[in-house]
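Single-structure report; data block below.
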Amino acid sequence: MKKYILGLFAVAVVASCASRQEKAMRSADKDFILKAANDNFAKKKWKNALALYDRLANLVAGTDDFPNVGFNTAYANYYDKSYKLAGHQFKNFAVNFPKDPRAEEAAYMSALCYYEGSMDYNLDQSSTELAINELQDFLTNYPNSERSKNISQLIDELSYKLEFKAYENARQYFKMGEYKAANVALENVLEDFPSTKLRPKIYDYIMKSRYELATKSIYDLKSERIESALTYTRMVEKELPDTEYAKTAVDLRGKLEKEKQNFAVTKKQVEERMAALNAKQKKEAAKLAEKNKTDQQIKDQISNEKKAMQIQRDSAALQTPPPAATFKIQR
């Protein structure tokens with residue numbers, strides 16, 4: 001019986017609350033709506049509070065209640081996880097009410113909303129970049145604020161997300177066997193994020209990319225790429241001593257030295273074959289030139305003989321007198 005009565009009481013309370021919310025939604029009484037909205041806010045009924053605050057926006061415009069409604073609306077959206085909207089509202093509050101004691105808090109919450117709205121690293125990071133800018137703006141505007149103490153940590157966290165995304169994108173080239181593209185992309189990560197915590201891993205992948213490029217290189221670039229890979233292994237060993245990356249560097253350098261020796265042998269053989277081929281081609285070219293020279297001499301001789309015979313014929317024609325004149329006898 002007691003449970004039954006409590007159940008009826010709970011139902012009555014819920015019905016009463018629902019009835020009050022409905023009345024407030026239909027009412028034109030600013031004070032009644034405001035009290036209902038604030039009660040919902042205090043009870044963490046964010047959606048109900050937001051529905052009523054939305055009705056109050058025009059009713060309280062220009063009154064002392066206007067800042068409170070705006071501030072609570074922003075917080076209700078924040079707790080309702082509508083971070084983008086809440087951030088915009090907090091920022092508007094800080095800009096529109098700079099002398100309000102809550103202006104600093106609003107500016108901080110605005111930056112925090114942008115932080116909360118940052119997407120996972122594998123998604124578009126424009127929200128992360130915007131969040132970093134907002135957090136840095138708060139540091140600039142409130143350098144001595146107690147709230148600034150964790151801002152740097154939040155910025156570092158967001159910056160790492162950008163670093164990790166760039167690193168993962170570059171690493172995908174390595175996984176696909178695009179070692180030249182991987183090398184360039186990884187070096188860009190180091191250039192864009194000089195203080196990155198991922199430097200050891202990036203060094204490792206650059207070193208492995210150069211190793212793969214060297215061992216799989218075309219003949220004309222192989223020597224240069226082997227030297228580039230060897231130089232990088234020495235750099236990694238120096239920069240990261242007593243680490244797994246240094247051990248990998250030593251291992252790869254040993255393989256590269258063998259590759260260098262084998263290529264030197266291959267290169268010598270290729271050069272010898274090229275030299276022999278060039279000598280053969282020169283010899284054949286000389287033979288061809290000699291043959292062409294002989295053929296030309298024969299042609300010249302025949303041409304000269306023809307010219308000589310023509311001269312003899314022309315000379316004989318000049319020395320032969322014309323035949324005597326003849327007369328016909330008329331009949």
Would you say [X]'s side chain and [Y]'s backbone share a donor-acceptor pair under 3.5 angstrom?
{"X": "S110", "Y": "G87", "answer": "yes"}
{"X": "T140", "Y": "Q136", "answer": "yes"}
{"X": "S209", "Y": "Y205", "answer": "yes"}
{"X": "S148", "Y": "N144", "answer": "no"}
{"X": "S118", "Y": "Y115", "answer": "no"}

Side chains of [X] and [Y]: donor-acceptor distance under 3.5 Å anywhere?
{"X": "R147", "Y": "Y142", "answer": "no"}
{"X": "N40", "Y": "Q21", "answer": "yes"}
{"X": "Y108", "Y": "N150", "answer": "yes"}
{"X": "T196", "Y": "E163", "answer": "yes"}

Within-4.5 Å side-chain heavy-atom neighbours: [X] and [Y]:
{"X": "K255", "Y": "Y211", "answer": "yes"}
{"X": "Q310", "Y": "K306", "answer": "no"}
{"X": "V189", "Y": "L198", "answer": "no"}
{"X": "F97", "Y": "R102", "answer": "no"}
{"X": "L112", "Y": "L154", "answer": "yes"}
{"X": "I33", "Y": "L59", "answer": "yes"}
{"X": "Y78", "Y": "W46", "answer": "no"}
{"X": "D204", "Y": "P200", "answer": "no"}

Could you tell me which residues satisfy salt bridge (Lys or Arg N to Asp or Glu O under 4.0 Å) with [X], sequence neighbours excluded, listed by chain and number?
{"X": "D39", "answer": "R20, K35"}
{"X": "K258", "answer": "none"}
{"X": "D29", "answer": "none"}

| Would the Y75 and F41 ring centres measure less than 6.0 Å apart? | no

| request: Would you confirm whether the ring centroid of Y179 sits within less than 6.0 angstrom of the ring centroid of Y173? | output: no

| field | Residues L213, L221; criterion side chain to side chain contact (heavy atoms under 4.5 Å, CB included); working and verdict | value | CA-CA 9 Å; L213 272 175; L221 298 176; over 6 Å; no

| query | Is there a side chain to side chain donor-acceptor pair (under 3.5 Å) between E129 and Y114 once you walk through the steps? | reply | CA-CA 9 Å; E129 293 171 354; Y114 285 107; over 6 Å; no

Answer yes when [X] and [Y] have at least one side-chain N-carboxylate O distance shorter than 4.0 Å, and no when they do not.
{"X": "E237", "Y": "R253", "result": "yes"}
{"X": "E116", "Y": "K81", "result": "no"}
{"X": "R199", "Y": "E239", "result": "no"}
{"X": "R171", "Y": "E168", "result": "yes"}

| request: With K222 as the cation and Y219 as the aromatic partner, state whether NZ or CZ is under 6.0 Å from the six-membered ring centre and within 45° of the axis. | output: no

| Can you list every side chain to side chain donor-acceptor pair (under 3.5 Å) pair that touches residues 49-58, not counting sequence neighbours? |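 Qualifying pairs: N38-Y53, Y53-N72.
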
Where do [X] and [Y] come nearest, in terms of heavy atoms and distance?
{"X": "C113", "Y": "Y83", "value": "CB-O, 3.4 Å"}
{"X": "F32", "Y": "K23", "value": "CE2-C, 3.9 Å"}
{"X": "S127", "Y": "G117", "value": "OG-O, 3.6 Å"}
{"X": "D100", "Y": "P67", "value": "OD2-CB, 4.3 Å"}
{"X": "A166", "Y": "F193", "value": "CB-CE1, 4.0 Å"}
{"X": "A103", "Y": "A94", "value": "O-CB, 3.7 Å"}

| field | Residue pair Q172, K175: steps toward the side chain to side chain contact (heavy atoms under 4.5 Å, CB included) verdict | value | CA-CA 5 Å; Q172 290 305 312; K175 290 182 177 180; 3.8 Å; yes

Cluster question for you: counting only ILVMFWY and a side-chain heavy-atom cut-off of under 4.5 Å, with indirect links fine, are [X] and [Y] together?
{"X": "M235", "Y": "M207", "value": "yes"}
{"X": "M25", "Y": "L56", "value": "yes"}
{"X": "L139", "Y": "L130", "value": "no"}
{"X": "V250", "Y": "Y203", "value": "no"}
{"X": "L190", "Y": "L186", "value": "yes"}

| Got a sec, which residues hit side chain to side chain contact (heavy atoms under 4.5 Å, CB included) with I298, two or more places apart in sequence or on another chain? |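 By the side chain to side chain contact (heavy atoms under 4.5 Å, CB included) rule, I298 matches T294, I302.
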
Roughly how far apart are [X] [atom1] and [Y] [atom2], rounded to 0.5 Å?
{"X": "T248", "Y": "L240", "atom1": "OG1", "atom2": "CG", "value": "10.5 Å"}
{"X": "E157", "Y": "L135", "atom1": "CD", "atom2": "CG", "value": "10.0 Å"}
{"X": "Y167", "Y": "N188", "atom1": "OH", "atom2": "CG", "value": "15.5 Å"}
{"X": "L50", "Y": "K45", "atom1": "CG", "atom2": "NZ", "value": "14.0 Å"}
{"X": "E146", "Y": "E104", "atom1": "CD", "atom2": "CD", "value": "9.0 Å"}
{"X": "Y232", "Y": "R210", "atom1": "OH", "atom2": "CZ", "value": "6.0 Å"}

Give a yes or no on this: more than 12 heavy atoms of other residues, nucleotides or ligands lie within 6.0 Å of atom [atom1] of [X].
{"X": "Q153", "atom1": "CD", "answer": "no"}
{"X": "K260", "atom1": "NZ", "answer": "no"}
{"X": "D242", "atom1": "CG", "answer": "no"}
{"X": "D64", "atom1": "CG", "answer": "no"}
{"X": "E187", "atom1": "CD", "answer": "yes"}

| said: Please determine whether side chain to side chain contact (heavy atoms under 4.5 Å, CB included) holds for the pair L85 and Q89, giving the CA-CA distance in whole Å, both sets of side-chain angles, and the decisive distance to 0.1 Å. | reply: CA-CA 6 Å; L85 178 57; Q89 291 170 337; 3.8 Å; yes

| message | side chain to side chain contact (heavy atoms under 4.5 Å, CB included), that's the test. Do T266 and V270 meet it? Break it down for me. | response | CA-CA 6 Å; T266 300; V270 169; 4.2 Å; yes

| Listed partners of N96 passing side-chain hydrogen bond (donor to acceptor under 3.5 Å, both in side chains), at least two apart | none

